[in-house]
Amino acid sequence: MFSYWEKKHFFHCDLAVVGSGFVGLSTAIHYKKKHPKARVLVLERGVFPNGASTKNAGFACFGSLTEILDDFWQMTQEEVLELVEKRYKGLLQIRKNFGDKALGYKHTHGFELIDEQLLQAMDQMEEVNKLLKKIFNKEVFSKVKKPEKLGFSEKIKVIVENKFEGELDPGMYMDSLWEMAEKLGIRILTGVSVLEIMKDEGRILAESNSGKDSMEFVAEKVAICTNAFTKKLWPESDLVPGRGLILLSKPLDFEIPWKGTFHLDKGYVYFRKVDGRLLLGGARNKDFEGEKSTDFTVNPKIKSHLEKLASDIIFPGKEIQWEMEWTGIMAFGPKKSPLIRQVGKKTVAAVRLGGMGVAIGWEVGRELSGLLRKM
Ligand SMILES: Cc1cc2nc3c(=O)[nH]c(=O)nc-3n(C[C@H](O)[C@H](O)[C@H](O)COP(=O)(O)OP(=O)(O)OC[C@H]3O[C@@H](n4cnc5c(N)ncnc54)[C@H](O)[C@@H]3O)c2cc1C
């Protein structure tokens with residue numbers, strides 16, 4: 001039950017953004033910067049954003065060598081280069097806007113472990129470097145000189161280094177977005193699940209998480225930024241959810257002989273050091289069908305695959321004690337690029353961020369804000 005005052009003041013706005021992940025908050029911020037007087041409201045169903053933005057691995061990356069080579073099978077050369085450039089520039093933009101300190105950003109470089117099966121990728125490294133020179137002006141991928149010093153399994157034949165990548169703390173990135181949103185006067189309402197959007201009228205039906213309160217918001221413009229959970233609000237959207245699992249070890253009782261962000265298995269598996277622990281995640285490719293889910297549960301098949309990788313490949317012969325595990329949900333589609341478009345007279349959407357939202361979320365928000373301003 002709402003009061004006269006609540007009804008009078010809290011249910012109308014100029015822009016309502018649904019979803020408070022990287023894309024939702026970035027959209028709200030870009031829009032509010034251009035329209036300081038606009039009343040901007042963000043509606044989020046979780047207490048914290050409950051999708052991928054605070055569940056991810058914090059890789060500030062744009063694609064490993066084998067991932068880029070894989071992309072050449074599905075996209076044109078121009079499309080691949082465009083995507084890499086978009087991701088790289090996106091990373092530079094968030095570093096510029098928030099600062100490395102606020103993001104917990106460390107420029108520790110990216111690495112890819114190459115086993116026998118992927119070894120032939122090395123024949124194409126120079127060619128890929130040549131193509132990427134247009135964007136980076138320098139060589140991106142190089143072979144690590146003494147890979148055996150890093151202590152990985154002997155199955156790892158080569159390690160490829162990428163000097164342009166780094167890592168950040170997703171919680172600190174979210175905190176920076178919250179702080180900026182707050183400074184600009186953006187309202188974020190949490191615990192509000194949007195049930196339906198009337199896209200031509202800007203009407204939004206929602207309920208509180210307890211399910212006790214039904215609400216109707218009316219907005220001049222609406223932005224759908226619900227990524228993997230978009231089908232409910234925009235059933236025609238071309239995307240499928242993809243769950244990701246992360247395991248975090250207990251603090252390790254030995255010195256980790258490497259730093260940086262590491263990829264395995266064409267980028268499907270990733271790991272890094274976090275506060276003296278091993279963070280290890282991914283392996284969605286071990287059960288693609290099972291992972292097409294918006295349910296935040298843990299797939300035991302994937303969990304045991306990751307655990308095995310830890311003691312076979314990453315720290316051979318060592319027993320790793322795990323302390324935490326969690327899942328987050330991404331969204332994928334036929335193309336690797338996000339879906340950004342107008343979906344009604346008063347409604348736009350930016351969804352399907354794949355596994356690269358850290359790099360592109362901010363710029364996707366800028367693009368969506370541009371679309372809103374043209375409406
Ligand atoms: C395990 C994992 C690891 C990853 N690692 C990396 C990485 O290292 N580097 C990288 O670049 N990317 C990584 N990603 C991908 C990255 O996290 C995502 O691309 C990015 O967070 C997507 O941001 P978003 O704002 O589009 O979506 P989300 O963060 O999912 O935000 C959508 C929001 O909408 C809300 N919502 C949904 N439906 C409703 C509704 N009906 N009403 C109200 N609110 C709603 C959700 O609660 C959620 O908060 C990873 C993802 C996962 C899951």
Next on the checklist: Between Arg39 and Asp14 (salt bridge meaning N to carboxylate O under 4.0 Å), is one present in this structure?
Outcome noted: no
Checklist entry - Do you know the tightest heavy-atom contact between Cys61 and Glu165? => result CB-OE2, 3.2 Å
Next on the checklist: Please determine whether a side-chain nitrogen of the Lys or Arg among Lys89 and Glu363 lies less than 4.0 Å from a carboxylate oxygen of the Asp or Glu.
Outcome noted: no
Checklist entry - What are the two closest heavy atoms between Ser176 and Ala102, and how far apart are they? => result OG-O, 3.4 Å
Item to check | Donor-acceptor under 3.5 Å (Glu79 side chain, Thr76 main chain) | outcome: yes
Checklist entry - Would you say Phe59 and Ile94 are hydrophobically clustered, going by side-chain heavy atoms of ILVMFWY under 4.5 Å? => result no
Item to check | Flag, side chain of Lys133 to backbone of Asn137, donor-acceptor distance under 3.5 Å | outcome: no
Item to check | Joint cluster assignment, Leu189 & Val17, ILVMFWY side-chain distance < 4.5 Å | outcome: no
Checklist entry - Given side chains that start at C-beta, do those of Leu132 and Phe141 come closer than 4.5 Å, heavy atoms only? => result yes
Next on the checklist: Distance check, rounded to the nearest 0.5 Å: Ile29 atom CD1 versus Ile186 atom CD1?
Outcome noted: 5.5 Å
Next on the checklist: Membership question, hydrophobic clusters at under 4.5 Å side-chain separation (ILVMFWY): are Phe229 and Leu353 in the same one?
Outcome noted: no
Checklist entry - Do Ile340 and Arg352 pass the side chain to side chain contact (heavy atoms under 4.5 Å, CB included) test, and can you show the C-alpha distance, the side-chain angles, and the key distance before you say yes or no? => result CA-CA 9 Å; Ile340 307 174; Arg352 206 176 70 189; over 6 Å; no
Checklist entry - In terms of side-chain heavy atoms, does Thr297 have a donor or acceptor partner in Arg243 at a distance below 3.5 Å? => result yes
Next on the checklist: Working note: Met174 + Leu25, criterion side chain to side chain contact (heavy atoms under 4.5 Å, CB included); need CA distance, chi angles, decisive distance, verdict.
Outcome noted: CA-CA 9 Å; Met174 185 51 69; Leu25 289 188; 3.6 Å; yes
Item to check | Leu233 versus Val18, closest heavy-atom pair with distance | outcome: CD1-CG1, 4.1 Å
Checklist outcome for this item: Correct closest heavy-atom pair for Phe22 and Ser53 would be N-OG, 2.9 Å
Checklist entry - Is there a donor-acceptor pair under 3.5 Å between the side chain of Lys232 and the backbone N or O of Leu195? => result no
Checklist entry - Is the side chain of Ser304 donor-acceptor paired with the backbone N or O of Pro300 at a distance under 3.5 Å, no angle test? => result yes
Next on the checklist: When you compare the side chain of Gln93 with that of Asn97, does any pair of heavy atoms fall below 4.5 Å?
Outcome noted: yes
Next on the checklist: Using 30° and 60° as the class boundaries, would you call the ring planes of Tyr88 and Phe164 parallel, tilted or perpendicular?
Outcome noted: perpendicular
Item to check | Pair listing, side chain to side chain donor-acceptor pair (under 3.5 Å) test, anchored in residues 205-219, at least two apart | outcome: Ser193-Asn209, Arg203-Glu216, Ser208-Ser210
Next on the checklist: Contact between Ile246 and Lys55 at the side-chain level, heavy atoms closer than 4.5 Å - yes or no?
Outcome noted: no
Item to check | Within 6.0 angstrom of Glu182 CD, more than 12 heavy atoms from elsewhere | outcome: no
Item to check | Validation row: Ser311, Lys318 side chains within 4.5 angstrom (heavy atoms) | outcome: no
Item to check | For Glu167, the option from Lys106, Arg272, Lys259 that meets side chain to side chain donor-acceptor pair (under 3.5 Å) | outcome: Arg272
Item to check | Under-4.0 Å salt bridge between Glu291 and Arg284 | outcome: no
Checklist entry - What are the two closest heavy atoms between Ile197 and Val194, and how far apart are they? => result CG1-CG1, 3.8 Å
Checklist entry - Crowded around Glu148 CD? As in, over 12 foreign heavy atoms under 6.0 Å? => result yes
Checklist entry - About how many Å separate CD1 of Ile135 and CG of Leu81, when rounded to the nearest 0.5 Å? => result 5.0 Å
Item to check | Glu139 atom CD, neighbour heavy-atom count above 12 within 6.0 Å | outcome: yes
Next on the checklist: Would a single hydrophobic cluster contain both Val144 and Ile313, if residues Ile, Leu, Val, Met, Phe, Trp and Tyr are joined by side-chain heavy-atom contacts under 4.5 Å?
Outcome noted: yes
Next on the checklist: Within a 6.0 Å radius of atom CD on Glu323, are there more than 12 heavy atoms belonging to other residues, nucleotides or ligands?
Outcome noted: yes
Checklist entry - Hey, what's the ring geometry for His107 with His109, parallel, tilted or perpendicular (30° and 60° as the breaks)? => result perpendicular
Item to check | Ring centres under 6.0 angstrom apart (Phe136, Phe62) | outcome: yes
Checklist outcome for this item: One should read off an interatomic distance between Glu196 CD and Ile204 CD1, to the nearest 0.5 angstrom, of 11.0 Å
Next on the checklist: Let me confirm one number: the CE-CH2 distance from Met172 to Trp178, rounded to the nearest 0.5 Å.
Outcome noted: 13.0 Å
Item to check | Whether over 12 other heavy atoms sit under 6.0 Å from Tyr4 OH | outcome: no
Checklist entry - Can you say whether the rings of Trp362 and Phe98 are parallel (under 30°), tilted (30 to 60°) or perpendicular (over 60°)? => result perpendicular
Checklist entry - Does atom NZ of Lys266 have more than 12 heavy-atom neighbours, drawn from other residues, nucleotides or ligands, at distances under 6.0 Å? => result no
Next on the checklist: Check this for me: Glu179, atom CD, are more than 12 non-hydrogen atoms of other residues, nucleotides or ligands nearer than 6.0 Å?
Outcome noted: no
Next on the checklist: If we ignore hydrogens and angles and just use 3.5 Å, is the side chain of Asp115 paired with the main-chain N or O of Leu118 as donor and acceptor?
Outcome noted: yes
Item to check | Atom pair CG/NE2 of Leu65 and His263 - distance to nearest 0.5 Å | outcome: 11.0 Å
Next on the checklist: Is the shortest side-chain heavy-atom distance between Glu220 and Met375 below 4.5 Å?
Outcome noted: no
Checklist entry - Just by modelled atom types, is the Pro257 backbone N or O under 3.5 Å from a matching donor or acceptor in the Glu255 side chain? => result no
Checklist entry - Between Phe11 and Phe2, what is the ring plane arrangement, given parallel below 30°, perpendicular above 60°, and tilted in between? => result perpendicular
Item to check | Check against side chain to side chain contact (heavy atoms under 4.5 Å, CB included), Leu245 and Asn299 | outcome: CA-CA 8 Å; Leu245 169 64; Asn299 182 330; 5.9 Å; no
Next on the checklist: Please say yes or no: joined through hydrophobic side-chain contacts below 4.5 Å, possibly via intermediate residues, are Ile360 and Met330 part of one cluster?
Outcome noted: no
Item to check | Step-by-step side chain to side chain contact (heavy atoms under 4.5 Å, CB included) determination, Gln77 to Val80 | outcome: CA-CA 5 Å; Gln77 202 179 86; Val80 175; 5.9 Å; no
Checklist entry - Knowing that exactly one of Thr66, Asn162, Thr261 qualifies, which makes a side chain to side chain donor-acceptor pair (under 3.5 Å) with Glu112? => result Thr66
Checklist entry - Where do Tyr268 and Phe288 land on the ring-ring contact (aromatic ring centres under 6.0 Å, His included) test, with the steps shown first? => result CA-CA 11 Å; Tyr268 280 111; Phe288 269 131; 5.7 Å; yes
Checklist entry - Above 12 or not: heavy atoms from other molecules or residues under 6.0 Å from CZ of Arg366? => result yes
Checklist entry - Can you find a heavy atom in the side chain of Leu279 that is under 4.5 Å from one in the side chain of Phe271? => result no
Checklist entry - Does the Lys335 side chain pair with the main chain of Phe332, one donor and one acceptor, at a distance under 3.5 Å? => result no
Next on the checklist: Quick check against the 3.5 Å criterion: does Ser293 have a side-chain atom that pairs as donor or acceptor with the backbone of Asp295?
Outcome noted: yes
Item to check | Smallest separation among heavy atoms of Ile68 and Gly63, with atom names | outcome: CD1-O, 3.6 Å
Next on the checklist: To the closest 0.5 Å, what do you measure between CG (Leu168) and CG (Leu91)?
Outcome noted: 8.0 Å
